[in-house]
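Notes follow the structure.
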Amino acid sequence: MILPIVGYGHPTLRKTASPITQDYPDLKELVANMFETMYNADGVGLAAPQVDLPIRLFVVGFRPYDEKTNTYGDPTEEYTVINPEIVSFGEQKDWFNEGCLSVPDIHEDVLRPTTLRMRWQDENWQQHDEEITGLFARVAQHEIDHLDGKVFTDRLSSLRRTMLKRRLNDIQLGRIQTKYRMKPNKR
Ligand code: ZN
């Protein structure tokens, strides 16, 4: 089932999300719905607060894109990340052009560490403690920000944020068009 996504300015995106335990109701179904919602919106990551649930859970999935047919193939990598904890960061950082399903049509370069050590539990409650790198490391940091009540535009320079102010305000007021369903912000 495709879930509506909340946009910039929604109060749930500003909450610190809570850890969950194994008795969290219907978790398998929620995870399946989050993957479906993410792929439907052409995303590579989706955090639970983006579907209005302030819990420490996110999903990540990478699918090959075929430019000839404009279609996606089956996912090559998928991660369900529960209760993540960043243990440490690598020393190297780089810039990457980020976007967010909750901040439609805005893409900005963000500087982040290229590697990190992360502890988390997966959908079967298996514990992981791994050094992660590449696109997973980038997306994981973006999603953990969501669990801490941050969005990627918070990490931009104040000049950049000032320049984006009107567009962010439009998103906040629901004056945007998306090909996926968004939940209106409470007023
Ligand atoms: Zn995001």
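Numbering of ligands and ligand atoms starts at 1, following listing order. Just so you know, these numbers use all the heavy atoms, side chains as well, and skip hydrogens, waters and symmetry mates.
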Same cluster or not: Val59 versus Met118, using hydrophobic residues (I, L, V, M, F, W, Y) connected whenever any side-chain heavy atoms lie under 4.5 Å apart? no
Listing residue and atom name, which protein N/O/S atoms are closer to the Zn ion (ligand 1) than 2.8 Å? Cys100 SG, His142 NE2, His146 NE2
Going by an N to O cut-off under 4.0 Å, is there a salt bridge joining Asp109 and Arg155? no
Of Arg138, Gln92, Gln141, the one forming a side chain to side chain contact (heavy atoms under 4.5 Å, CB included) with Pro113 is Gln141
Would you please indicate if the ring centroids of Tyr72 and Tyr39 are separated by under 6.0 Å? no
Nearest 0.5 Å please: distance from the CD atom of Gln50 over to the NE2 atom of His146. 3.5 Å
Under 3.5 Å, is there a donor-acceptor pair between the side chain of Glu36 and the main chain of Met1? yes
